[in-house]
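Below is one structure, written out as structure tokens; comments come after it.
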Amino acid sequence: VQLQASGGGLVQAGGSRRLSCIGSGRSFNIYTLAWFRQAPGKDREFAAAIRYGTGATYYSDPVKGRFTISRDNAKNTVYLQMNSLQPEDTAVYYCAAERLKYSAYVLARPIYTDFGSWGQGTLVTVSS
């Protein structure tokens, strides 16, 4: 599957932003989807994931309670709604997809090598 992320931009602290990621192909509904982010000078880190089928969601501690991941299989799109943004959320955000069925243990803390397909990234800058 090929992915294309969009929705990044400049937002003030405390504001909200919604990212979108459109996937190609007819099997989008059987992919586990995720958002990772990479801040300047730091490693790529997991933010959120959503399982296919059950739609179960998983979040990293820094974004839990503020970010919401969702998917619309009819539109081949995964979203990341980001609320209460803070300067430390500034990063390039990447969407990712994987057909392997991971356990809940893995999806709660995946690393970037767990996902095989990636979008190009979209920059979110949060000003203080």
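Basis for what follows: all heavy atoms, side chains included, without hydrogens, waters or symmetry-related copies. Every value quoted in this text rests on a predicted model; they were computed, and no experiment measured them.
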**Prompt:** Is Tyr59 atom OH crowded by more than 12 heavy atoms from other residues, nucleotides or ligands, each under 6.0 Å away?
**Reply:** yes
**Prompt:** Could you give the distance from OH (Tyr112) to OH (Tyr94), rounded to the nearest 0.5 Å?
**Reply:** 11.5 Å
**Asked** How about Phe115 and Pro110: do any of their side-chain heavy atoms sit closer than 4.5 Å?
**Response** yes
**Single-linkage hydrophobic cluster Ile111~Val92, side-chain heavy atoms < 4.5 angstrom** = no
**Message:** For residues Leu100 and Ile30: do they belong to one hydrophobic cluster (side chain heavy atoms under 4.5 Å, members Ile, Leu, Val, Met, Phe, Trp, Tyr)?
**Reply:** no
**Request:** Drop me the distance from Cys21's SG to Tyr79's OH, to the nearest 0.5 angstrom.
**Result:** 10.5 Å
**Interatomic distance, Arg71 atom CZ to Thr77 atom OG1 [nearest 0.5 angstrom]** = 10.5 Å
**Message:** Using a 3.5 Å distance criterion without hydrogens, assess whether the side chain of Tyr102 forms a donor-acceptor pair with backbone atoms of Asp114.
**Reply:** yes
**Asked** Counting only N and O atoms by type, is there a donor-acceptor contact under 3.5 Å from the side chain of Ser103 to the main-chain atoms of Val106?
**Response** yes
**Atom pair OH/OG1 of Tyr93 and Thr122 - distance to nearest 0.5 Å** = 10.5 Å
**Message:** Is it true that, when you exclude Glu88 itself, more than 12 heavy atoms of the residues, nucleotides or ligands shown sit nearer than 6.0 Å to its CD?
**Reply:** yes
**Asked** Considering residues at least two apart in sequence or located in another chain, which fulfil the side chain to side chain donor-acceptor pair (under 3.5 Å) criterion with Lys101?
**Response** none
**Message:** Which residues pass the ring-ring contact (aromatic ring centres under 6.0 Å, His included) test with Phe46, not counting sequence neighbours?
**Reply:** Phe36
**Request:** Output yes when a side-chain donor or acceptor of Glu98 lies under 3.5 Å from a complementary backbone atom of Ser117, and no otherwise.
**Result:** no
**CD/Gln86: more than 12 non-hydrogen atoms of other groups inside 6.0 Å** = yes
**Complete:** Between Gln120 and Ala5, the two heavy atoms sitting closest are NE2-O, 2.8 Å
**Request:** Can you measure from OG (Ser20) to NZ (Lys75) and round to the nearest 0.5 angstrom?
**Result:** 9.5 Å
**Prompt:** Do Leu80 and Tyr31 belong together in a cluster built from hydrophobic side chains that touch within less than 4.5 Å?
**Reply:** yes
**Item:** Non-hydrogen atoms of Ala97 and Val1 that approach each other most closely
**Value:** CB-CG1, 3.7 Å
**Asked** Any link between Phe67 and Val78 through a network of hydrophobic side chains (Ile, Leu, Val, Met, Phe, Trp, Tyr) touching at under 4.5 Å?
**Response** yes
**Item:** Side-chain touch Met82/Val124, heavy atoms, less than 4.5 angstrom
**Value:** yes
**Request:** I would like to know whether Ser127 and Leu10 meet side chain to side chain contact (heavy atoms under 4.5 Å, CB included); could you show each step before the answer?
**Result:** CA-CA 7 Å; Ser127 63; Leu10 178 64; 4.2 Å; yes
**Asked** With a 4.5 Å limit on heavy-atom distance, are the side chains of Tyr58 and Ile50 in contact?
**Response** no
**Prompt:** Same cluster or not: are Phe28 and Trp118 linked, directly or through other Ile, Leu, Val, Met, Phe, Trp or Tyr residues, by side-chain heavy atoms under 4.5 angstrom apart?
**Reply:** no
**Request:** Keeping to residues at least two apart or across chains, list the salt bridge (Lys or Arg N to Asp or Glu O under 4.0 Å) pairs with something in residues 42-52.
**Result:** Arg37-Glu45
**Prompt:** Between Arg17 (side chain) and Gly8 (backbone), is there a donor-acceptor pair under 3.5 Å?
**Reply:** yes
**Fill in**
Rounding to 0.5 Å, atoms CZ (Arg66) and OG (Ser84) come to a distance of 7.0 Å
